[in-house]
Amino acid sequence: AVTDCAKPVIAAVNGPAIGAGFVLMLACDIMIASDNAYFSMPEINVGLAGGARFLMEHVGRSRTRSMYLTGRRVAAAELYRLGVIEACPPREGLMDAALDIAREIAAKSPLAIRHIKRALNTIEELPVRDAYRFEQSVTVELSHTEDAREAQRAFVEKRKPVFKGK
């Protein structure tokens with residue numbers, strides 16, 4: 001449901017994200033975590049499994065297997081270093097950082113945001129050549145919208161655009 005949501009979903013993790021909670025974060029569009037957050041897939045400790053595919057999309061084969069087979073914790077700072085999460089602010093600045101990202105996205109054309117999120121979800125499953133073609137079809141579709149024309153006028157006129165979602 002998170003991945004399929006038409007609007008971007010931002011995860012702001014403050015503390016542990018373990019097992020399904022970690023996978024829920026990985027399903028989000030943009031992920032940030034406070035400097036006191038940590039992540040683990042401890043299912044191995046109780047003889048269970050689940051969520052490895054989500055993890056593998058973000059950290060690669062070896063790290064996935066290491067986390068999964070040991071149940072070890074990984075600090076937010078390490079996921080930031082690996083490029084998995086967008087930011088690792090101090091705990092007290094976590095929500096401000098998440099809201100800053102949300103405000104930046106909210107200032108864009110809502111129509112373009114919906115189309116782009118759909119395109120991003122679609123191209124994840126496609127070969128590079130097909131993905132590029134799909135993206136270009138989305139670009140052509142968006143180029144005929146009022147929001148695109150408004151954004152282009154605003155750029156030329158050096159002002160902020162006023163989007164109508166059309």
Side-chain angles (χ1 to χ4, degrees), residues 1-128 131-132 134-135 138 142 147 151 160-161 163 165:
V2 171
T3 302
D4 293 336
C5 179
K7 296 181 180 180
V9 178
I10 300 169
V13 178
N14 187 19
I18 300 169
F22 186 18
V23 173
L24 179 60
M25 180 198 80
L26 293 171
C28 294
D29 297 296
I30 298 171
M31 303 166 280
I32 64 173
S34 63
D35 58 0
N36 71 321
Y38 65 86
F39 306 86
S40 71
M41 297 299 288
E43 286 85 343
I44 191 74
N45 297 332
V46 291
L48 299 175
R53 185 66 185 102
F54 268 99
L55 186 57
M56 196 175 288
E57 281 185 20
H58 296 281
V59 298
R61 185 175 194 266
S62 180
R63 181 61 60 113
T64 296
R65 288 168 188 248
S66 172
M67 287 182 73
Y68 220 82
L69 294 170
T70 66
R72 249 186 266 143
R73 293 179 179 183
V74 176
E78 176 66 1
L79 290 187
Y80 178 69
R81 186 188 73 75
L82 294 171
V84 175
I85 61 176
E86 182 65 19
C88 185
R91 178 178 45 186
E92 57 277 355
L94 177 66
M95 288 310 295
D96 287 339
L99 289 170
D100 286 346
I101 294 168
R103 284 186 202 97
E104 190 172 353
I105 293 169
K108 311 298 183 201
S109 162
L111 183 63
I113 293 292
R114 279 193 309 276
H115 278 70
I116 291 167
K117 177 156 181 190
R118 179 177 52 87
L120 289 169
N121 286 343
T122 301
I123 65 173
E124 281 182 337
E125 305 296 324
L126 297 175
V128 173
Y132 182 74
F134 182 81
E135 288 178 80
V138 171
L142 286 170
D147 278 3
K160 289 188 178 189
F163 296 114

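Given the structure is predicted, the values throughout are model-derived calculations rather than measurements.
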Can you list every pair that meets salt bridge (charged side-chain N to carboxylate O under 4.0 Å, His left out) and has a residue in residues 100-116, with sequence neighbours left out?
Asp100-Arg103
With sequence neighbours left out, write down each residue that passes ring pair (Phe, Tyr, Trp, His ring centres under 6.0 Å) with Phe22, or none if nothing qualifies.
Phe39
Evaluate the side-chain proximity of Phe134 to Arg118: yes if any heavy-atom separation is below 4.5 Å, no if none is.
yes
Suppose we screen for side-chain contact (heavy atoms from CB on, under 4.5 Å). Which residues come up paired with Tyr132, at least two apart in sequence or across chains?
Gln136
Just how far is it from atom CG of Leu24 to atom OG1 of Thr3, taken to the nearest 0.5 Å?
9.0 Å
Pairs touching residues 13-26 that satisfy salt bridge (charged side-chain N to carboxylate O under 4.0 Å, His left out), sequence neighbours left out:
none
Test: salt bridge (charged side-chain N to carboxylate O under 4.0 Å, His left out). Region: residues 24-38. Which pairs qualify, not counting sequence neighbours?
Asp29-Lys117
Minimal non-hydrogen separation, Thr122 against Leu126, with atom names
O-CG, 3.6 Å
Looking only at non-hydrogen atoms, find the nearest pair between Val23 and Phe54 and report the distance.
CG1-CD1, 3.6 Å
Over all atoms of both residues, closest heavy-atom pair of Ile85 and Ala76:
CD1-O, 3.4 Å
Among residues at least two apart in sequence or on other chains, which ones pass side-chain contact (heavy atoms from CB on, under 4.5 Å) with Ile101?
Ile10, Ile30, Ile32, Glu86, Ile105
Side chain to side chain donor-acceptor pair (under 3.5 Å) contacts in which one or both residues fall within residues 16-28, not counting sequence neighbours
none
Which side chain to side chain donor-acceptor pair (under 3.5 Å) pairs, counting each pair once, include a residue from residues 52-71, with sequence neighbours left out?
Arg63-Glu78
When rounded to the nearest 0.5 angstrom, what distance separates CD1 in Ile123 from CD in Glu135?
4.0 Å
Residues which pass side-chain contact (heavy atoms from CB on, under 4.5 Å) with Ser40, listed by chain and number, not counting sequence neighbours
Ile18, Pro42, Arg73
Tell me the closest heavy-atom pair linking Ala119 and Val138, and the distance in Å.
CB-CG2, 4.0 Å
Asn36: side chain to side chain donor-acceptor pair (under 3.5 Å) partners, not counting sequence neighbours:
Ser34
Just so I know, are the side chains of Ile113 and Lys7 near enough to count as touching, which here means a heavy-atom distance under 4.5 Å?
no
Residue pairs passing the ring-ring contact (aromatic ring centres under 6.0 Å, His included) test where at least one lies in residues 90-123, sequence neighbours excluded
none
Contacts of Phe163 that satisfy side-chain contact (heavy atoms from CB on, under 4.5 Å) - sequence neighbours left out:
Ser109, Pro110, Asp147, Ala151, Pro161
